[in-house]
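So the structure is just underneath, and the comments pick up after that.
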Amino acid sequence: MNQPFRLPEGGLIDRDKPVTFRFDGKSYGGFAGDTLASALLANGVHHVARSFKYHRPRGILGAGPEDPAALVQLEPNTARTEPNLRATEIELYEGLNAGAQNCWPSLGFDIGAINDVFSRFFPAGFYYKTFMGGPGWMFFERFIRASAGLGVAPGEIDPDHYEHTNRHCDVLIIGAGPAGLAAARAAASTGARVILAEQTAHPGGQLLDEAAGQTTIDGMSARDWVKAVREEIEAAPEAMVLTRTNGFGYYNDNWFALCQQLQDHLPLAERDANKPRQRLWHVRARHIILATGAIERPLVFAGNDRPGVMLAGAVRHYLHRHAVLPGRRAAILANNNSAWQTAFDLKTAGAEMAAILDTRPDAPQVLRDRAEALGIPVKTGAAVTGTLGRRRIKAARTGDIEGDRIAIGSAEMIGCDLLAVSGGWSPNVALFSQSRGQLRYDDDIAGFRPARSWQEEATVGAANGTFDLAACLAEGAAAGANAARVAGFDDASQSVPRVSAPHAIDYDITPAWRLPMERKTDRAFVDMHNDVTSKDLDLAVREGYRSVEHAKRYTTLGMGTDQGKTSSVNGFGILSEILDTPIPEIGVTTYRPPFKPVTFGAVAGQHVGANFHPRRTTPMHEAHVEVGATFEIVGDWLRARVYPRAGEDFDAALQRECKAARTQLGMLDASTLGKIDIRGKNAREFLNRIYSNAWLKLPPGRCRYGLMLNEDGMVFDDGVTACLSDDHFHMTTTTGGAAGVLNWLEDYAQTEWPDLEVYLTSVTEQWAVASLCGPNSTALMAELLDDLDPDPESFPFMSWRPAHIAGIPVRVFRISFTGELSYEINIPARYGRWLWDRCMALGEKHGITPYGTEGMHLLRAEAGFVIVGQDTDGTVTPIDLGMDWAVKKTADFVGARSLTRPDTARTDRRQFVGLLSEDPTIVLPEGSQIIATPHETEPRTPMIGYVTSSYMSPNFSRSIALGLVEGGHTRMGEPVYVANKNGTPHRASISPVNFLKELGGAS
Amino acid sequence: MTEPVAASPLAHREPLTAERVSVSETAFLGMLSLRGRPATIGEQAASALGAPLPSAVGETAVAGNITALWLGPDDWLLVTPPGNEAALGTKLSDALTGTHHQLTDVSDYYTAIDVTGAAARDVMSKLMVIDLHPRALKPGMIVATVCAKANVWLHVTGSADRPVLRLIVRRSHADYLWCLIAESGREFGLPPQLPVGRVKLHLPHFE
């Protein structure tokens, strides 16, 4: 296809692989090796975006992650769509489709551009000033949100997958330009573990952005040298080169995060579904070398955001990497030497050079001579004061600088279709700053450079303010060798690459932070991402935002997705002029990760969907699934909640299960309860200190319920503990509390009472537990057990016995959480499923009914048993629960002292009581507030408690509830009212918690 | 009388094999947790086991069919072939009579997932933050660490280039880890595995 701005030869593109792509609905051609930006430029397309605030036409300014404005929507209207991607970084693939964003109805004609006409009404702080008044922010917010943002977030689930990986290495090098390559080669030669990360597809950096043959290194052309060094690094036994890898986060202890794009450059049809799209690397490095290069700054002058205004270095990039001539008649505007090279290269490539405009009155003679030899007109001490052209620059208006204004009568119009600008190069110190390294401002380069490292780190090359190639290579090689040595690898190759570049231009700069303007209405953009002009900075300072951090936030300078890569330092320079304060005193804003945007997919990695979080299952889990149980999540456990039969809903199943468990035989999978083996001659004393009740006299073979308090005296766990032998106990905890309780016990055993001989080992999952409940349970137990008579007379409540089932050793506990005759069988987990099935088969004739956690909750509520975490919330003492019997007076225990604090000893604290609604069909909603009056009163009804548990009891054929009520223990029978969001409060009366006794007549 | 049926935590999974990585469960290994101070139990334990208990972080000791893994200054896991745990327990228990110690059978608590092959380290690097490089993690080492969101013990056997990475994991975490390991091995050809925990939840507030 026709690519009118493509040069006939050169570049790192593959002309044998033409690529067709679409942008903004139109079809274009490019080549493999292009970026979207280079391919668009080859087709003469400069206008690619509309700006954030004023919807001004914007073009391609840069050539990499620094570009502030050439943002596009990739693959619009598909599940893979991604907004705000930089056209300069998108590698072209066959069939690529990119849409323009932030414009309607089209990129060429955009209604939003009306904002630009009225721009003087939208200065910095516009939102704060305008929308707090009148109808207020809440009113305006929806309109502002509708117009905010640039691209469109995807609406469908991401079809790609992502992953994390972890690596440790001796030397991590970020950036594979000349300095990074030299460092990696030196380090890799020692056998150290080396990772070299490069954000683009090709190592080489600036060496690829110059004319082939301009430089030779070690006798090779620069490009051949890059290839040879890469091969050498990759051949080293422990070195790895990661391309397309964005090193975006430098954290403490040399922990580094990188995002590698594995498939983004491939046509959609060629992407491998078995490979991740992107991989997030977490690298822990002994030593880190930052070779992140430098970022060119634009100049701040009226009309500087016109499409066709490009960074001079970017122009060289497109010229030499992609064989694209970004303009046929070009002008240069610069305050430093480096842009002159662009002029020479453009001329050599066949472009017409309209002018070199240098803001310095004294540009070096050697450059002027070369310009003259090439026939390029030169104007020094010159500025651009305006640009013409709608979707691409047509002409630049220039004039002579005279102090802070333009000399009258010096204006001249220069026709051009490309204006290459350079405001100098800023060392790319973002990652260095993230590492907490300190910067210093260097007048010689007019930029901030690393001053002091905070971590095991070295910054080399242009990132360190070293712009000379030979010096970059020497610095890189030395840093690589040193990093390897620090990591214990001594014999680095000491060879420093020899450079021959006879026509290299020395870097020299005289800053010009903003160029004089002719008219008051002229606007010069500092931040082309967020549409911040130099006048916005003036305004911010006038309004008192003098600190750089305040001015940044007030104007949004540097706060776009580009993080101010091209705008920050210009902003600091302009602030320094406005405030008449040297730049070092202005300082810099904070650099934070990520260096450039990272996808949410990469951050989530493989931990999504079914793999998001562990779901722990019991040995009996499949048995529950097979009969169609519905589950709930408790801690990380999946527990069967109810077992609905065909045609049964949740409530019907629950009523059936609970009726069966009291009248016939119920079975619960209780495997998830926490279990801790406690052993040692002081185990008993240890328990006596940990639990609030007494443990010294519990004989072997017996069990006891225990309450555990924290130091505040508040209940934090409970459970039954059995005495296996005098120095050996088996503790149970709540399902959710198991890990916390073990930590708690270890903490006390190891740090508070190291004198006690006691060891603790979790046995939670060693045992599968079937809990049998109901009058028929003894009969089933008798059939199951080989060698134990389950008769409750000889095997009484709160005791345990070792026994065998089909020869398998088990522990049987006569404990109950339902108030019903119960047995808990603990069997080695491998036999859990078998035991469940065996009980179901043998129990059929006894009416066995599996019940879930919801049934367990209901049954225990009938018995008035507390669930720690449901009926308690960390502010409830045993006294509040009415469990004074579980608080010993004879010995100290954890939390004892707190129970006598005035607040904990109050008698009007919220206390645990039963609640019976006046209307027995009403199940009081759990969480409802309890009030003392029949109606809510204004302004705020005092709340005297709330409902913690509430059920329809099948065994009493009425609703029951538990709750915490102020002074509840002394208010038995008194009426209270339970707030009802749909109408008048429900009337209820306070009762004791044991409904079996209250309603069922149990003793 | 029906015969009791033992089921391992990963009984519902078949071994996964690709060219450079394989994953399988080694079920029913005998495992005993031993707690005690080396000064108190070291001698008796050594004579019962046939070798001294390992004494430093990362160390393991092998004596016949018993491998002792160092988990902490007073904490070891003894691993022995399936069925041998009872005999080993009795022998040790007898030898340690009268000393302050704790010996607990945890054979049913944990299972072992073995990841082997040339790419085993690459696969597991995706789930573990510790350094799996052969220079750092050598055959014969034990590490207590985190794999994805689960606590594991990693015991390395085999050789440097053909390692066997044995993860000793809680039985309730086994399926979660199995599926994530398969996911990590997808690029090497392991087949995707769906976790068993994809069940109906009762969440009335979200309906």
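Chain letters run A, B, ... following the sequence lines, proteins first and then strands; every chain starts at 1.
Counting heavy-atom pairs under 4.5 Å between each of A/H624, A/Q606, A/E632 and chain B puts A/Q606 at the top. Between chain B and the residues A/Q766, A/R616, A/R615, the largest count of heavy-atom pairs under 4.5 Å involves A/Q766. Note: A/R193 leads A/R193, A/R284, A/H728, A/E854 in heavy-atom pairs under 4.5 Å with chain B. Most heavy-atom pairs under 4.5 Å with chain B, from the set A/A768, A/G832, A/P828, A/A273: that is A/P828. Per-residue counts of heavy-atom pairs under 4.5 Å with chain B were compared for A/T618, A/L638, A/L280; the largest is that of A/L638. Ranked by heavy-atom pairs under 4.5 Å with chain B, the first of A/N274, A/I827, A/T630 is A/N274.
Residue contact with chain B, scored on non-hydrogen atoms closer than 4.5 Å, involves the backbone and the side chain of A/V763 alike. Using a 4.5 Å cut-off between heavy atoms, A/Y831 contacts chain B through both its backbone and its side chain. At a 4.5 Å heavy-atom cutoff, the contact between A/A629 and chain B is made by backbone atoms alone. Interface residue A/S762: backbone and side-chain heavy atoms are both found under 4.5 Å from chain B. In this structure, chain B has a heavy atom under 4.5 Å from the backbone of A/V758, while its side chain stays farther away. In this structure, the portions of A/T764 lying under 4.5 Å from any heavy atom of chain B include both its backbone and its side chain. For chain B, the nearby part of A/H621 is the side chain; its heavy atoms alone come within less than 4.5 Å. Looking at A/R279, the atoms closer than 4.5 Å to chain B (heavy atoms on both sides) all sit in the side chain, from C-beta outward. Proximity to chain A (any heavy atom under 4.5 Å) is shown, for B/A148, by both the backbone and the side chain. A/H282 does not touch chain B: none of its heavy atoms, backbone or side chain, sits under 4.5 Å away. Residue contact with chain B, scored on non-hydrogen atoms closer than 4.5 Å, involves the side chain of A/E238 exclusively. Contact of A/W767 with chain B is not made at all, since no heavy-atom distance falls under 4.5 Å.
Remark: the A/E622 side chain and the B/H12 side chain contain no N/O donor-acceptor pair separated by less than 3.5 Å.
The heavy-atom pair separating A/P754 from B/R37 by the smallest distance is O-NH2, 4.2 Å. Contact record, B/P4 with A/A806: CG-O, 3.5 Å, taken as the closest heavy-atom pair. Summarising the geometry of B/R198 relative to A/A610, their closest heavy-atom pair is NH1-CB, 3.4 Å, with the distance given to 0.1 Å.
Considering only heavy atoms from C-beta on, B/H133 stays 4.5 Å or farther from A/H168 through its side chain. The side-chain heavy atoms of A/L262 and B/E187, taken from C-beta on, include no pair separated by under 4.5 Å. Looking at heavy atoms from C-beta onward, A/H161 lies in side-chain contact with B/R186 at the 4.5 angstrom threshold.
Identified by a heavy-atom distance below 4.5 Å to chain A, the contributing residues of residues 14-34 of chain B are B/F28, B/S33, in residue-number order. Along residues 66-96 of chain B, the residues that come nearer than 4.5 angstrom to chain A, judged on non-hydrogen atoms, are B/D74, B/E85 in order of number. Residues of residues 104-132 of chain B lying within less than 4.5 angstrom of chain A, judged on heavy atoms, are B/T104, B/D105, B/V106, B/S107, B/D108, B/Y109, B/D122, B/S125, B/K126, B/L127, B/M128, B/V129, B/I130, B/D131 in numerical order. Contacts from residues 166-178 of chain B to chain A, taken as heavy-atom pairs separated by less than 4.5 Å, involve B/R170, B/R171, B/S172, B/H173, B/Y176 in sequence order.
Atom CD of B/Q102 is separated from atom OH of A/Y759 by 9.0 Å, given to the nearest 0.5 angstrom. A distance of 8.0 Å separates CD1 of A/I808 from CD of B/E3, quoted to the nearest 0.5 Å. To the nearest 0.5 Å, the span separating CD on A/E757 from OG1 on B/T40 amounts to 7.5 Å.
Applying the 6.0 Å contact sphere to CZ of A/F650 captures more than 12 heavy atoms from other residues, nucleotides or ligands. By the neighbour-count criterion of 12 heavy atoms within 6.0 Å, atom CD of B/E43 is sparsely surrounded, having that number or fewer from other residues, nucleotides or ligands.
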B/L103 and A/R679: CA distance, side-chain angles, deciding distance, side chain to side chain contact (heavy atoms under 4.5 Å, CB included) verdict: CA-CA 9 Å; B/L103 189 63; A/R679 182 125 203 208; 5.5 Å; no
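No donor-acceptor distance shorter than 3.5 angstrom exists from the side chain of A/W834 to the backbone of B/A7, with no hydrogens or angles considered. A donor-acceptor pair is defined here as one N or O able to donate and one able to accept, closer than 3.5 Å; such a pair exists between the side chain of B/R35 and the backbone of A/L760.
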